[in-house]
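Residue numbers begin at 1 in each chain, while the letters A, B, ... track the order of the sequences.
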Amino acid sequence: MVFDHTWMIGGPQGSGVDTAANIFATVCALNGYKIFGKREYYSNIKGEHSYYEVRLSNVKVNSTTSNINTLVGIDAETIIRHAEDVVSKGIIIFNNDILKVKIDEIKTMDDYFNIRLKKYLSNKNKDFSVHGILETAKDRKVLLYPISLLDILTKIPKLTCRNYNSYRLLNIIYVSLSLAIFNVPFTSISDVIGKIFYSKPNVIKHNVEISKLAYQYAVDNFKIISNLKLNFKHDMLIKGHESIALGKIIAGCKFQSYYPITPATDECLYLESKKFINKNMVDEVTVIQSEDEISSICMAIGSSLTGVRSSTSTSGPGFSLMVESLGWAGINEVPIVITLYQRSGPSTGLPTRHGQEDLLFAIHAGHGEFSTIVYASGSIEECFYDAITCFNLSEIYQIPVIHMVDKFLASSIITCNKFDLGVIKIMRGKLLHDVNKDFKYKRFEITKDGISPRSKLGQHNGIFWNTGDESDEYGHITEDPLCRIQMMDKRISRLDLIIKNIPKSQQIVLHKLNEYCIISWGSTAGPILDAIKMLERINIKVGFLQIKLLQPFPTEYVKSSLCDVRIIIDIESNKTCQLGKLFKQNLHRDIDYYILKYTGRPMTCTEIYRSLKNIFNKTATKEMILTHGK
Amino acid sequence: MVFDHTWMIGGPQGSGVDTAANIFATVCALNGYKIFGKREYYSNIKGEHSYYEVRLSNVKVNSTTSNINTLVGIDAETIIRHAEDVVSKGIIIFNNDILKVKIDEIKTMDDYFNIRLKKYLSNKNKDFSVHGILETAKDRKVLLYPISLLDILTKIPKLTCRNYNSYRLLNIIYVSLSLAIFNVPFTSISDVIGKIFYSKPNVIKHNVEISKLAYQYAVDNFKIISNLKLNFKHDMLIKGHESIALGKIIAGCKFQSYYPITPATDECLYLESKKFINKNMVDEVTVIQSEDEISSICMAIGSSLTGVRSSTSTSGPGFSLMVESLGWAGINEVPIVITLYQRSGPSTGLPTRHGQEDLLFAIHAGHGEFSTIVYASGSIEECFYDAITCFNLSEIYQIPVIHMVDKFLASSIITCNKFDLGVIKIMRGKLLHDVNKDFKYKRFEITKDGISPRSKLGQHNGIFWNTGDESDEYGHITEDPLCRIQMMDKRISRLDLIIKNIPKSQQIVLHKLNEYCIISWGSTAGPILDAIKMLERINIKVGFLQIKLLQPFPTEYVKSSLCDVRIIIDIESNKTCQLGKLFKQNLHRDIDYYILKYTGRPMTCTEIYRSLKNIFNKTATKEMILTHGK
Amino acid sequence: MVNNFSKYRTNTHNDWCAGCGDFGILNSIQMALYDLKIKNHETVIFSGIGCSGKTPHFINTYGIHTIHGRVLPFAQGAKISNPKITVIAVGGDGDGLGIGAGHFIAAGRRNIDISYIIFNNGVYGLTKGQPSPTLRRGIKTKNSIHANINCNIDPIELAIVSGFTFVARGYSFDMKHLKNLMISSIMHKGLSFLDVIQPCPTYNDMIFNENNTGSNEHSSQSYYKLEDTNYDPVINKDDDELTQHKKLNKIFMKSRELGHKIPIGVFYQNNIIPSYHDRLNDIMINYDMIPPAFSQISDQNNNTTADISKLLDEVSLK
Amino acid sequence: MVNNFSKYRTNTHNDWCAGCGDFGILNSIQMALYDLKIKNHETVIFSGIGCSGKTPHFINTYGIHTIHGRVLPFAQGAKISNPKITVIAVGGDGDGLGIGAGHFIAAGRRNIDISYIIFNNGVYGLTKGQPSPTLRRGIKTKNSIHANINCNIDPIELAIVSGFTFVARGYSFDMKHLKNLMISSIMHKGLSFLDVIQPCPTYNDMIFNENNTGSNEHSSQSYYKLEDTNYDPVINKDDDELTQHKKLNKIFMKSRELGHKIPIGVFYQNNIIPSYHDRLNDIMINYDMIPPAFSQISDQNNNTTADISKLLDEVSLK
Ligand SMILES: Cc1ncc(C[n+]2csc(CCOP(=O)(O)OP(=O)(O)O)c2C)c(N)n1
Ligand SMILES: Cc1ncc(C[n+]2csc(CCOP(=O)(O)OP(=O)(O)O)c2C)c(N)n1
Ligand code: SF4
Ligand code: SF4
Ligand SMILES: [Mg+2]
Ligand SMILES: [Mg+2]
């Protein structure tokens with residue numbers, strides 16, 4: 001039997017929601033659950049509503065659902081916003097204090113939300129109050145677990161460490177209460193607390209004490225949800241931004257420049273803080289915080305010219321600033337990897353929210369015509385391997401690579417197998433480690449395959465010139481029209497080479513094929529895969545083609561894969577069906593249905609499942625716009 | 001009978017090639033010839049080869065050909081580079097001094113060119129020398145008109161104005177020689193000289209004297225080419241950048257920011273230098289040279305917020321820097337016009353050369369999804385009217401408009417009718433001149449047509465907020481998912497409105513329809529139209545659909561226009577068939593032939609004519625790459 | 001006093017952290033507007049991106065929250081086009097002196113009549129506390145992995161070198177003083193710069209720590225007021241070249257003063273350098289009379305009012 | 001002398017205008033490289049866009065002609081990655097102080113061991129003579145419609161304020177002097193700045209006109225050499241804080257000196273502020289020993305040499 005339980009904790013930004021969820025997820029993973037977790041937060045430092053969903057299962061899960069099984073509210077706002085999503089027989093854990101809170105007085109709630117809520121409650125004949133909300137939940141057979149924080153807090157021995165943020169207390173309490181109802185052994189909680197605060201023994205002690213009190217409180221007062229004894233042994237519990245960073249390290253990336261921007265910063269800080277081993281020496285990535293994103297990409301290019309694998313990470317606004325320099329890298333055939341963490345645009349948009357809105361921009365970024373690779377990862381695990389692939393492609397084809405990821409991937413967490421380092425190769429293409437001194441070296445030599453041997457700054461006999469102008473084989477400026485054609489052809493021709501040479505499995509993941517087939521790209525693969533599984537349970541089969549190589553577009557391979565497919569369904573987190581456009585451009589074939597979402601919240605498998613079911617039931621419209629999420 | 005004569009003058013940058021050609025064109029135009037002129041030059045201030053073609057005809061011409069009828073070489077390099085293109089019975093005018101010049105010693109010649117030239121000459125069994133080149137010309141029955149500059153110069157009375165650049169002397173001499181063989185009255189030459197140097201009487205006197213000497217020299221020594229007496233009365237002889245500037249002035253553009261960049265600067269300097277009349281007051285455009293293109297667009301946006309029609313002009317590299325701010329204008333529904341003078345990319349590319357390489361970039365410019373209009377002009381006349389259209393569209397739809405022009409349009413010259421000011425309307429859409437104080441003004445009010453009344457900074461009762469974040473109707477930040485959908489829908493929905501409301505004739509110019517039909521955009525329309533006329537003369541008929549509105553794409557209108565078309569031929573000045581991609585994306589229909597050019601030199605009608613003929617003769621390949629031009 | 005300036009407030013929820021210095025700056029702006037009796041609709045607050053960037057949403061005037069680092073170009077475009085509006089530009093130190101530093105210098109060269117306020121907290125607040133260009137080398141902020149590797153730049157010096165004609169420093173918790181600086185800066189005809197020391201309790205509370213008092217009240221003791229000394233920041237119309245030069249040398253020295261107390265107040269005010277408005281008016285015939293925003297461009301029939309006949313003559317063949 | 005440094009020359013045709021000051025700078029660079037006996041392949045010349053931007057194509061070392069305004073970021077990325085190469089960055093005044101001004105300031109804060117040379121001609125040469133940020137207000141260059149509307153910034157002052165640790169000015173036609181400045185700037189461990197007055201006969205020959213001589217020879221009389229005076233530009237390791245401060249005040253005053261003769265030579269040299277290299281080495285364990293360009297990333301079987309087992313432990317469930 002499939003166990004599938006979504007636990008959500010919410011509270012104001014800065015109240016430790018993140019830490020709580022991490023403890024919860026780690027403890028559950030240690031106890032054998034498969035995990036998928038996801039974080040949502042405002043563009044704010046302290047006070048706005050944030051929440052974290054952790055989905056537990058005994059089968060692999062790759063997304064969140066639209067439902068909550070256990071809702072934990074650090075504050076009233078969490079209950080107000082999310083109670084509606086708690087399923088029948090689900091649980092709401094809250095401090096009974098919040099019954100006093102007046103919704104109108106919560107400054108962080110959007111007017112829009114309040115208006116909708118009022119309507120919702122009045123339709124149900126309930127008060128516009130926390131009480132009214134909890135009543136509707138109760139009507140739906142949701143179990144209410146009010147707690148008396150005071151009761152627990154008064155039992156806590158005098159605070160041992162001064163200045164200890166009291167919110168942090170609350171999150172430990174809530175997470176311990178929750179874990180108790182999952183019947184996990186207390187030792188696994190105290191172990192994780194010990195691991196997280198390993199450098200602060202006082203904090204550990206204190207937290208463990210509190211945790212124990214809360215755990216006991218739950219054992220005494222609440223019913224147990226799950227008695228599952230799971231024997232899975234997961235290797236890792238990892239977040240997307242960590243996965244990418246680890247991929248970069250393995251790939252041999254030695255230089256990363258960046259300018260702070262959500263959600264790319266986390267990866268950079270990770271890289272900056274980690275030391276690892278290279279030939280028995282402690283090694284690090286040189287991470288440079290630059291003055292802006294223009295500088296970030298230019299520094300990365302400068303670094304690459306010295307033969308270093310270099311990279312920069314950013315999101316939309318930063319990428320917008322990089323496109324001029326991207327063209328320079330293009331014309332000079334410089335390998336660099338730009339990790340593009342998409343978020344909701346346009347402009348500043350919803351800066352801490354998810355989106356897949358930059359595909360066509362990435363493909364066409366920069367004036368003039370030059371080659372780039374645009375490559376998209378669909379899961380946290382893929383992020384690791386793809387980061388390495390991106391560096392290899394970049395050096396083999398001497399081409400900038402844009403690695404498309406997004407906020408959803410960056411800040412989600414998943415249990416998975418240990419990365420398989422055995423399959424990884426470092427392919428440096430035509431990088432020269434020494435240069436034949438008998439020939440005058442030509443950086444842009446015309447060769448049969450259109451790719452020239454690559455020297456690097458500082459190398460003996462390998463002197464070259466680069467310029468943003470059109471150039472001759474040495475890299476000196478030329479305006480000769482026929483040389484121009486030669487050089488343009490040389491640069492653009494590698495797109496064909498790429499399609500020809502990249503293993504098909506790296507171009508597309510052909511999850512399934514069927515008369516009805518989904519096409520998608522990037523992180524939306526997660527909820528799609530889960531939705532497909534849900535459909536299988538009701539005996540509906542649907543195919544899924546996840547396109548990873550988006551530029552150059554693997555037209556022939558897609559075409560041949562889809563030749564027997566009758567209905568094509570494009571699923572993307574954007575409004576303008578960007579993959580759909582690319583598909584139509586290359587296949588000259590229309591798309592039958594679109595499932596789109598652009599609220600800044602990732603799709604849930606539930607939403608996709610329902611939309612797909614509508615397609616099969618012939619109740620679907622051509623475009624289905626998803627809205628779930630707070 | 002059609003008279004069609006291409007006169008070309010060439011010489012080092014800084015030698016007055018431009019002035020000479022302007023005098024030549026003006027005098028010929030005054031004598032009734034229809035003119036099309038085009039300038040080519042290196043990215044250099046002094047010394048590199050530049051040339052100017054002026055095509056004269058008795059019917060309208062919109063492009064240059066691949067042939068030269070009269071070649072005038074201020075220096076040897078001009079002869080070396082262009083003699084090959086002079087037609088049988090054409091003329092080469094040169095100073096006999098140049099016979100002494102050794103080709104290998106000309107530093108400004110590309111190695112590539114020399115290698116090709118050597119091969120060409122040795123194939124013809126000629127010396128690699130000016131002499132050898134002239135011999136091959138002679139073999140082709142080209143008439144050689146060597147002159148003795150010394151003979152003419154010695155006749156010149158003592159120079160009256162000191163420091164007078166001697167090159168300027170040469171160009172006056174060459175242009176006067178040329179005009180003499182066209183049998184134009186000398187008075188029309190002296191009139192034009194008088195007009196050009198109107199502020200410097202000494203210079204006029206001196207130039208007229210020299211001109212007279214040269215004129216007489218030609219009358220004495222050369223045969224007359226044309227005795228045409230043409231009665232056309234052209235209204236104007238105008239360049240593309242002037243046409244756009246005048247359009248902006250008429251449109252009421254009052255603010256233009258820019259950062260110097262070829263080929264956009266000329267328009268800005270024109271705007272800055274001109275004064276005109278508004279309500280009997282001398283009026284001007286406020287033109288600001290900013291510190292970079294980011295600042296240019298931001299200043300233009302800031303200006304627009306005050307209710308001013310504002311604009312910035314740039315080319316590829318500058319536009320690349322603007323895309324982040326473009327998104328801000330998009331999300332805030334700010335009307336601005338960006339005039340994008342395309343040139344050859346990528347990166348710095350061929351910065352003084354032509355290209356149509358920025359279409360897909362312009363359409364997808366900027367992260368996230370927002371609406372823009374991308375509008376392309378196909379001729380110098382269109383530039384004027386379209387500039388005005390762009391401002392109207394921008395204000396009506398509260399949307400940034402990218403007006404695509406290019407180097408070819410910017411620096412070409414044409415004879416045409418006076419602009420028809422009667423057809424012009426200034427449409428400001430929902431701009432408010434006063435605001436009803438009884439309602440709280442909402443800048444982003446949800447309205448039926450998706451467009452909100454627009455206040456402006458400083459206006460009473462019209463206070464609003466703007467932010468790059470997603471916002472509510474007032475313009476305050478919101479992260480509410482449903483409000484987000486409303487706002488995204490509002491902004492994107494206007495693309496449909498635009499397609500619905502813009503007159504079809506402003507979307508597409510349906511020049512002709514036929515079983516074989518060309519699609520194209522922008523300035524390539526000129527040589528296409530001329531090529532079609534040439535084909536008509538041999539009884540081949542081909543249709544031509546010039547797409548002006550490229551974003552939003554007028555899919556239905558294009559589709560219905562082409563429904564009976566069997567063969568579609570895409571003609572563009574780029575390598576990657578950008579319009580073709582757009583076409584396929586929207587029509588799901590393949591393109592049969594591509595005629596492309598990406599040498600930085602505009603297409604000639606001759607090249608297109610030949611390629612089209614090949615299509616009809618079934619000797620064409622799917623992609624034909626054009627190469628003409630030095 | 002609380003309600004005096006309520007007409008400059010909006011109902012928008014303010015989500016800055018408790019104790020953030022930004023509150024003091026916000027209040028000072030509102031108080032200055034109130035004191036100056038500037039009409040709401042004739043004022044525009046432009047901002048960059050960052051915690052500080054949210055400021056305009058809390059002020060009941062036109063409010064333009066732009067993009068990261070570009071607040072000055074936006075503000076200048078608006079002010080040139082409509083010289084009648086009072087333009088205040090605000091933003092973070094990262095915004096103005098990191099990504100936006102190029103615009104800072106260019107703005108100085110123009111001297112457009114705008115007041116620019118930098119919320120100087122030494123960190124990139126909204127992206128969680130990375131060092132900003134004003135943070136001194138060697139200082140480790142709360143959220144960073146190691147001590148700051150870059151040297152800082154001094155906004156006051158940079159502003160003077162760039163050509164700002166009014167340069168002052170304030171402290172966000174000394175609101176009365178700050179308000180007065182704002183009033184002077186708004187009154188000044190030309191480009192004003194206000195460097196406001198703004199503690200960020202979340203990521204960079206070093207200003208408090210320096211005195212180890214932990215309280216805002218006391219930390220204002222780390223400052224002294226220039227106006228309480230006999231320092232003369234003003235360069236006057238009647239100062240000859242040599243006097244100007246000498247004064248400027250002193251001003252520079254002041255901006256680089258050593259010592260445990262930080263000077264706040266006006267460092268520099270130049271009344272000689274003409275504003276951009278005057279300069280434009282020198283080269284344009286009617287800029288002052290009909291600046292862009294006041295030009296009428298069409299008549300009631302939507303016909304253009306521009307008359308280009310003279311320009312058409314130039315390209316006409318006659 | 002002509003042939004001494006020919007090994008630093010390429011055959012690329014140089015298309016600068018006759019009489020352009022750029023020639024003097026180009027020659028000085030080549031002479032300096034020759035004098036320093038720096039190996040061709042261990043030198044990289046980075047450049048921006050402009051007439052000046054073409055420089056690397058004429059020098060037989062690695063030459064990276066980047067994009068407009070970004071020469072410093074490119075150069076810094078390369079130098080951080082391979083500290084062994086000698087990095088010279090060159091570019092126009094528009095390039096470095098207009099569009100690139102933000103990078104100029106940021107580079108100063110880092111103090112990476114690079115020599116940066118600005119070809120200061122007061123105009124945007126390659127786009128035909130628009131005023132650049134160093135052109136004084138009121139000056140009308142040959143190709144402009146009206147006198148320059150913006151004030152200029154002084155590169156020397158800006159460099160000092162930004163944190164450059166070696167700041168000097170040269171004159172393009174005094175090549176011997178300029179060569180020596182270049183040698184010192186290359187030898188200096190840290191970020192050097194050379195402001196080179198570079199007449200542009202085509203668009204801005206004011207430097208000649210000022211003396212009304214019309215000849216290069218004579219115009220060098222408008223300059224005097226700081227080393228010929230008793231001016232002390234150096235801040236030494238053993239200078240205490242107060243001495244440093246006093247010296248810096250004098251240096252500032254020198255950079256702002258009034259007078260008819262323009263000082264050339266070294267304005268400022270700071271031997272105390274650590275280079276970025278040293279700073280990186282402080283926070284990274286082996287930066288000096290294995291900087292990025294010398295890290296081996298794979299073995300002969302193309303396997304990675306990075307060992308992330310400790311990092312994997314952190315995310316492992318055990
Ligand atoms: C182009 C771009 N890059 C990066 C960001 C991300 N970003 C948002 S706020 C911020 C820094 C804000 O720091 P500061 O300007 O000092 O303002 P504060 O938050 O401290 O008030 C950054 C880098 C962005 N919005 N745009
Ligand atoms: C982003 C961008 N904007 C504009 C240009 C056009 N451009 C080419 S050279 C140049 C100015 C060069 O002036 P400067 O840097 O002073 O160099 P100089 O030619 O005087 O040596 C400009 C603006 C460009 N290449 N890139
Ligand atoms: S992070 Fe700092 S600057 Fe931002 S609101 Fe909080 S205290 Fe203020
Ligand atoms: S334009 Fe000026 S800077 Fe450029 S090459 Fe000519 S003289 Fe030199
Ligand atoms: Mg800050
Ligand atoms: Mg310059």
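- Put simply, of Thr478(B), Thr627(B), Asp480(B), the one with the most heavy-atom pairs under 4.5 Å next to chain A is Asp480(B).
- Side-chain atoms of Ser344(B) and Arg484(A), non-hydrogen and from C-beta on, do get closer than 4.5 Å to each other.
- Both the backbone and the side chain of Asp472(A) come within contact range of chain B, with heavy atoms under 4.5 Å apart.
- Paired with Ser347(B) under the rule side-chain contact (heavy atoms from CB on, under 4.5 Å), one option of Ile331(A), Asp469(A), Thr467(A) passes, and it is Ile331(A).
- Contact of Ile591(A) with chain B is not made at all, since no heavy-atom distance falls under 4.5 Å.
- Taking Pro346(A), Gly330(A), Gly327(A), Gly345(A) one by one and counting their heavy-atom pairs under 4.5 Å with chain B, the maximum is reached by Pro346(A).
- Considering NE2 of His364(B) and CZ of Phe361(A), their distance stands at 11.0 Å, rounded to 0.5 Å.
- Of the atoms belonging to Tyr598(A), heavy atoms from both backbone and side chain fall under 4.5 Å from chain B.
- Proximity to chain B is limited to the side chain of Asp110(A), based on heavy atoms less than 4.5 angstrom apart.
- At a cut-off of 3.5 Å, with distance as the only test, no side-chain donor of His588(B) or His588(A) sits close to an acceptor on the other residue.
- For Asp489(A), the parts sitting under 4.5 Å from any heavy atom of chain B are the backbone and the side chain alike.
- When Gly580(A), Gly366(A), Gly600(A) are compared by the number of non-hydrogen pairs under 4.5 Å with chain B, Gly366(A) comes out ahead.
- In this structure, chain B has no heavy atom under 4.5 Å from any part of Gln356(A).
- Of the atoms belonging to Arg353(A), it is side-chain heavy atoms, and not backbone ones, that fall under 4.5 Å from chain B.
- Between chain B and the residues Leu326(A), Val323(A), Ile477(A), the largest count of heavy-atom pairs under 4.5 Å involves Val323(A).
- The candidate from Asp111(A), Thr348(A), Leu321(A) with the greatest count of non-hydrogen atom pairs under 4.5 Å with chain B is Thr348(A).
- Proximity to chain B (any heavy atom under 4.5 Å) is shown, for Glu473(A), by both the backbone and the side chain.
- Contact annotation for Ser43(A): both backbone and side-chain heavy atoms come within less than 4.5 Å of a heavy atom of chain B.
- Heavy atoms only, all atoms of each residue included: Gly368(B) and Glu357(A) are closest at CA-OE1, 3.6 Å.
- Here Lys581(B) is the residue among Gln342(B), Lys581(B), Arg491(B) with the most heavy-atom pairs under 4.5 Å with chain A.
- With respect to chain A, the highest number of heavy-atom pairs below 4.5 Å among Leu482(B), Ile492(B), Asn586(B), Leu495(B) belongs to Leu482(B).
- Within 6.0 Å of the NZ atom in Lys559(A), the count of heavy atoms belonging to other residues, nucleotides or ligands exceeds 12.
- Looking at every heavy atom in both residues, Glu479(A) comes nearest to Leu350(B) through CA-CD2, 3.7 Å.
- Contacts with chain B were tallied for Glu369(A), Glu470(A), Lys575(A); Glu369(A) has the most, counting heavy-atom pairs under 4.5 Å.
- Side chains of Phe319(A) and His367(B) form no contact here, defined as non-hydrogen atoms less than 4.5 Å apart.
- Top candidate by heavy-atom pairs under 4.5 Å with chain A, chosen from Ser320(B), Ala362(B), Cys483(B), is Ser320(B).
- Within the 4.5 angstrom heavy-atom criterion, only side-chain atoms of Arg601(A), from C-beta onward, approach chain B.
- Considering only heavy-atom pairs separated by less than 4.5 Å from chain B, the leading option among Ser325(A), Gly316(A), Ser315(A) is Gly316(A).
- The part of Ile294(A) that comes within reach of chain B is its side chain, from C-beta onward, which places non-hydrogen atoms under 4.5 angstrom from that chain.
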